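Each chain gets a letter, A, B and so on, in the order the sequences are listed, and its residues count up from 1. The structure displayed is predicted, hence computed values, not measured ones.
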Number of protein chains: 2
Amino acid sequence: MDAIEILKQLKDKGVRFTPQRQAILEFLLETVSHPTADEIYHHVKAKFPGVSLGTIYNTLNMLKEHGHLLELSYGDMSSRFDGNPKNHYHIVCSKCGTVADFHRPLIDIDQEVMDNSGFLIMGHRMEFYGICPECRANEKLN
Amino acid sequence: MDAIEILKQLKDKGVRFTPQRQAILEFLLETVSHPTADEIYHHVKAKFPGVSLGTIYNTLNMLKEHGHLLELSYGDMSSRFDGNPKNHYHIVCSKCGTVADFHRPLIDIDQEVMDNSGFLIMGHRMEFYGICPECRANEKLN
DNA sequence: CTAGGTGCAAAAGGTTTGCGCTGAC
DNA sequence: GTCAGCGCAAACCTTTTGCACCTAG
């Protein structure tokens with residue numbers, strides 16, 4: 001599903017189609033990274049020099065409310081946004097904050113949660129917490 | 001493992017034992033909720049009226065670095081801290097922010113990650129994203 | 001004694017909000 | 001024409017930092 005299609009769907013809910021929103025959503029869908037609001041801002045600014053951070057947040061919150069993106073937080077300062085929830089898992093170092101990818105087939109569990117909770121489940125996120133190889137090496141030196 | 005025991009272990013790493021730290025850690029271990037820094041602050045303030053928020057954050061970051069607690073973020077304003085990582089899973093409503101518990105046996109996967117990543121894994125966290133029953137009902141009304 | 005911790009207050013950084021104007025419908 | 005969205009800037013809230021004093025080891 002592409003940006004235009006999603007925004008057309010949202011029109012039924014009183015959400016207006018604007019070029020800024022199209023640009024934001026297109027970027028979220030085409031990138032495989034998990035950009036921060038500020039990164040999205042700078043990217044969209046290349047196309048729309050007048051765009052403001054407020055508009056970015058406004059759009060992100062609107063999309064989040066309608067379930068079209070996930071807001072992730074890795075404990076560092078700013079949130080990251082993911083337009084492709086079904087992705088892969090992460091390992092976060094509690095010491096230095098490094099985030100590594102962990103590739104493995106997604107666990108097939110969403111249906112079980114949906115059946116037992118009454119929630120409409122869009123996806124899940126899994127993170128492992130630990131100490132990265134570098135920090136482990138540094139600890140041994142002390 | 002209780003607060004005093006953990007703090008004694010940390011002494012070897014040059015971390016000092018202070019009554020404030022004991023109070024913070026005891027609260028984290030005894031509560032089953034996931035308090036914010038501010039909630040911890042107010043709780044500890046009952047015992048140590050002079051304690052400051054800076055000390056709370058200082059201690060939380062120290063504990064996090066040593067792997068004794070997890071910093072969670074649910075997209076709302078402030079981080080939440082969990083002294084008992086091995087717990088249960090959560091379902092977060094993208095629309096209203098409600099966090100519901102989902103009880104099920106923990107997925108046995110940490111060893112697999114440890115073997116394949118080089119990280120020392122302390123635990124994992126899993127969250128499901130979707131729309132809660134109340135918000136689903138509200139959407140249908142429109 | 002002396003480093004690390006504390007309390008306080010100021011600063012920093014991310015996110016939200018208010019307001020007048022614009023543009024989608 | 002109307003109202004949601006825009007840009008701008010100020011406000012807000014959480015977290016970090018700097019500094020003088022204190023205290024655990």
Side-chain angles (χ1 to χ4, degrees), chain A residues 3-4 6-25 34-42 44-66 69 71-81 94 96-97 142, chain B residues 3-4 6-25 34-42 44-66 69 71-81 94 96-97 142:
Chain A
I4 295 180
I6 291 176
L7 287 170
K8 273 188 188 162
Q9 275 186 20
L10 290 173
K11 249 186 228 177
D12 302 341
K13 305 186 183 174
V15 173
R16 289 196 183 159
F17 183 107
T18 70
Q20 290 92 336
R21 288 184 168 177
Q22 185 187 346
I24 293 167
L25 190 46
H34 314 295
T36 61
D38 200 59
E39 284 160 4
I40 298 167
Y41 171 58
H42 282 98
V44 173
K45 202 165 190 170
K47 217 180 264 179
F48 297 90
V51 78
S52 75
L53 249 181
T55 298
I56 306 292
Y57 280 108
N58 179 351
T59 300
L60 291 173
N61 285 332
M62 182 276 290
L63 289 171
K64 189 173 67 169
E65 278 184 14
H66 289 96
L69 65 75
E71 178 176 358
L72 311 177
S73 315
Y74 296 115
D76 53 350
M77 190 69 19
S78 51
S79 289
R80 302 178 164 278
F81 298 87
S94 297
C96 68
N142 300 341
Chain B
I4 295 180
I6 292 176
L7 287 170
K8 273 188 187 160
Q9 276 186 21
L10 291 174
K11 250 186 227 177
D12 302 342
K13 305 186 184 173
V15 173
R16 287 198 186 158
F17 183 108
T18 70
Q20 291 90 334
R21 289 183 167 176
Q22 186 186 345
I24 293 168
L25 190 45
H34 314 296
T36 61
D38 199 59
E39 284 160 4
I40 298 168
Y41 172 56
H42 281 98
V44 173
K45 202 165 190 169
K47 216 181 264 182
F48 297 89
V51 79
S52 74
L53 248 181
T55 299
I56 305 292
Y57 280 107
N58 179 352
T59 300
L60 290 173
N61 284 333
M62 183 274 291
L63 290 172
K64 189 173 67 170
E65 277 184 14
H66 290 95
L69 65 76
E71 179 176 359
L72 311 177
S73 315
Y74 296 115
D76 53 350
M77 187 72 18
S78 50
S79 288
R80 303 180 163 277
F81 297 88
S94 296
C96 68
N142 301 341

Q. Along nucleotides 4-11 of chain C, 5' to 3', which nucleotides get a B, which get an S, and which get a -, given that the test is a protein heavy-atom distance under 4.0 Å?
A. BSBBB---
Which whole-number value in Å describes the distance from [X] [atom1] to [N] [atom2]?
{"X": "A/Tyr57", "N": "D/dG5", "atom1": "OH", "atom2": "P", "result": "19 Å"}
{"X": "A/Lys8", "N": "C/dC25", "atom1": "NZ", "atom2": "C1'", "result": "15 Å"}
{"X": "A/Glu65", "N": "C/dT16", "atom1": "CD", "atom2": "P", "result": "11 Å"}
{"X": "B/Ile56", "N": "D/dT14", "atom1": "CD1", "atom2": "P", "result": "14 Å"}
{"X": "B/Leu60", "N": "D/dT14", "atom1": "CG", "atom2": "P", "result": "14 Å"}
{"X": "B/Asp38", "N": "D/dC12", "atom1": "CG", "atom2": "P", "result": "17 Å"}
{"X": "A/Leu7", "N": "C/dA24", "atom1": "CG", "atom2": "P", "result": "13 Å"}
{"X": "B/Tyr41", "N": "D/dT15", "atom1": "OH", "atom2": "P", "result": "14 Å"}

Q: Tell me which nucleotide among D/dG25, C/dT15, D/dT15 gets nearest to the side chain of A/Leu53.
A: C/dT15
Q.
Any side-chain to backbone donor/acceptor pair from B/Glu65 onto B/Met62? Under 3.5 Å, distance only.
A. no
Q | Backbone N/O of A/Ile6 and side chain of A/Gln9: donor-acceptor pair under 3.5 Å | A | no
Quick one: does [X]'s side chain get under 4.5 Å of [Y]'s, heavy atoms only?
{"X": "B/Thr55", "Y": "B/Thr18", "value": "no"}
{"X": "A/Leu10", "Y": "A/Arg21", "value": "no"}
{"X": "B/Thr59", "Y": "B/Gln22", "value": "no"}

Q. Which pair of heavy atoms, one from B/Glu39 and one from B/His34, lies closest together, and at what distance?
A. OE1-O, 4.4 Å
Q.
Go nucleotide by nucleotide along DNA chain D from the 5' end; which of B/Pro19 and B/Thr36 gets its closest nucleotide reached first?
A. B/Thr36
